[in-house]
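First listed ligand is number 1; within each ligand, the first listed atom is number 1. In this chain, numbering begins with 1 at the start of the sequence shown.
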Amino acid sequence: MRVLVTGGAGFIGSHLAGRLLQDGHEVRILDNFSTGRRSNLRSLADEVEIVEGDIQSAERAYAAVRGCEVVFHQAALPSVPRSIQDPLTSNASNVTGLLNVMLAARDAGVRRVMYASSSSVYGANPALPKSEDMTPMPISPYAVGKLAGEGYCRAFGEVYGLQTVAIRYFNVFGPRQDPRSQYAAVIPNFITALLRGEQPTIYGDGEQSRDFTYVENVVEGNVLAMDAPDVAGKVYNVACGERVTLNELFAELRDLLGGEDPPIYAAARPGDVRHSLADVSAARRDLGYEPGVLLREGLSRTIEHLREELAARAGLEHA
Ligand code: NAD
């Protein structure tokens, strides 16, 4: 079947596009390459159809969804600090852009939209583990936007009959996550620093915890949601179901990579939640989801990738 991956040049979107191609689907990507990279598509470039453009453009969105049975909506500006610095720009991509894609999907007769939501919607709600029936309490503009997207998903099911499945990703990591971005996620940040013999920075006391999820697990959750029965209009956590503190993560990485130096501790960042751990029992029950790659294995694969990327970059600089 023909499928659309918005944000397909990004970290998660490019892994998803690769998996969908492997499964025999015709894959189209809509991306404006704002945070996504052409190099993410290097291994897929001849096989995917690329529509370059912004999801805020109705013309681009309609062109991209035409003929697609399923849409995986991954495009967004995926950073809490960025949304605090510039909430209007985040909102434009993450909410207005989503609405545009949903309208195009509705009008093109798309069967189902999978929406990349986020664990950040739980925000200040202190209960652990996070289950989908808890009251969301977003504490950053990014999380507000992601929750608004879930609201649109539900509403489009109710009023237009468009099937949607919102998937709340928990701190995804893996190869191709951009370590150079000013807003880089913690794992590529720590690994890159340790590979360079530098001390990574931990914001806060390092006792905050996360349910880090290897990217392949998130891809699996999406693929399962595409055809699962009786899931339209619902929301699912997709994660590992285990949590580690940033201090434990640092120790694990130092164990894998070597090194003696402690991390540098800096002031905690506003908008960051304290603890995060998913209850994945609903995804297990309804989607048949199982986190196949656990933390240590995922870290080893990510280290391998970043080592190669750094070596390739160093080679280019010396060429
Ligand atoms: P990413 O930045 O690598 O990918 C996002 C992609 O969307 C990029 O290719 C970017 O160029 C594209 N994009 C952004 N704005 C666009 C626009 N206006 N028009 C067209 N394309 C646009 O980020 P990612 O980590 O792969 O995130 C993918 C999705 O997963 C996002 O929706 C994000 O909010 C969500 N998510 C990610 C995480 C995580 O830990 N990485 C956690 C929860 C949710």
## Note on the structure
If you scan protein heavy atoms around atom 40 (O) of ligand 1, the nearest is V172 N, 2.8 Å

#### Entry: Residue portion contacting ligand 1 (non-hydrogen atoms closer than 4.0 Å) for H73
neither

### Query
Taking the minimum heavy-atom distance to atom 41 (N) of ligand 1, which of T35, L16, I12 ranks first?
I12

### Query
Among protein heavy atoms, which lies nearest atom 44 (C) of ligand 1, and at what distance?
S117 O, 3.2 Å

### Message
Looking at ligand 1, would R176 count as a contact under a 4.0 Å heavy-atom criterion?
### Response
no

## Note on the structure
For atom 25 (O) of ligand 1, the closest protein heavy atom turns out to be F11 CD2, 3.6 Å

### Task
Report the nearest protein non-hydrogen atom to atom 4 (O) of ligand 1: residue, atom name, distance rounded to 0.1 Å.
G10 CA, 3.5 Å

### Task
Of all the heavy-atom pairs spanning Q177 and F11, show the shortest one and how long it is.
N-CD1, 3.5 Å

### Query
With S117, which of E150, R168, K146 fulfils side-chain hydrogen bond (donor to acceptor under 3.5 Å, both in side chains)?
E150

### Task
Could you tell me which atoms of ligand 1, counted from 1 in the order shown, lie closer than 4.0 angstrom to a heavy atom of S93?
15 (N), 17 (C), 18 (N)

### Task
For atom 23 (O) of ligand 1, find the nearest protein heavy atom and state the residue, atom name and distance (0.1 Å precision).
P78 CG, 3.2 Å

## Note on the structure
Judged by heavy atoms only, the candidate from Y169, F33, F72 nearest atom 42 (C) of ligand 1 is Y169

### Task
Cation-pi check, R82 to Y142: give yes when NZ or CZ is under 6.0 Å from the six-membered ring centre and within 45° of the ring axis, no otherwise.
no

### Task
Please report the closest heavy-atom contact between L4 and L30, naming both atoms and the distance.
CD1-N, 3.8 Å

### Task
Pull out every atom of ligand 1 sitting under 4.0 Å from any heavy atom of G36, numbered as shown with elements.
8 (C), 9 (O), 10 (C), 11 (O)

### Query
Is A9 near ligand 1, meaning one of its heavy atoms is under 4.0 Å from it?
yes

### Query
Does R284 make a cation-pi contact with Y289 (under 6.0 Å, within 45 degrees of the axis)?
no

### Message
Below 30° counts as parallel, above 60° as perpendicular, anything between as tilted: where do the rings of F173 and F212 land?
### Response
perpendicular

### Summary
for atom 34 (O) of ligand 1, nearest protein heavy atom and its distance come out as Y142 OH, 2.6 Å

## Note on the structure
Looking only at protein heavy atoms, what sits closest to atom 22 (C) of ligand 1 is N32 OD1, 3.0 Å

### Summary
With E216 as partner, the option from R301, R19, R176 fulfilling salt bridge (charged side-chain N to carboxylate O under 4.0 Å, His left out) is R301

### Query
Does at least one non-hydrogen atom of G53 fall below 4.0 angstrom from an atom of ligand 1?
yes

### Query
N/O to N/O below 3.5 Å, does that happen between S118 and ligand 1?
no

#### Entry: Test item, F170 contacting ligand 1 (heavy atom, 4.0 angstrom)
no

## Note on the structure
the protein heavy atom lying closest to atom 28 (C) of ligand 1 turns out to be Q74 O, 3.4 Å

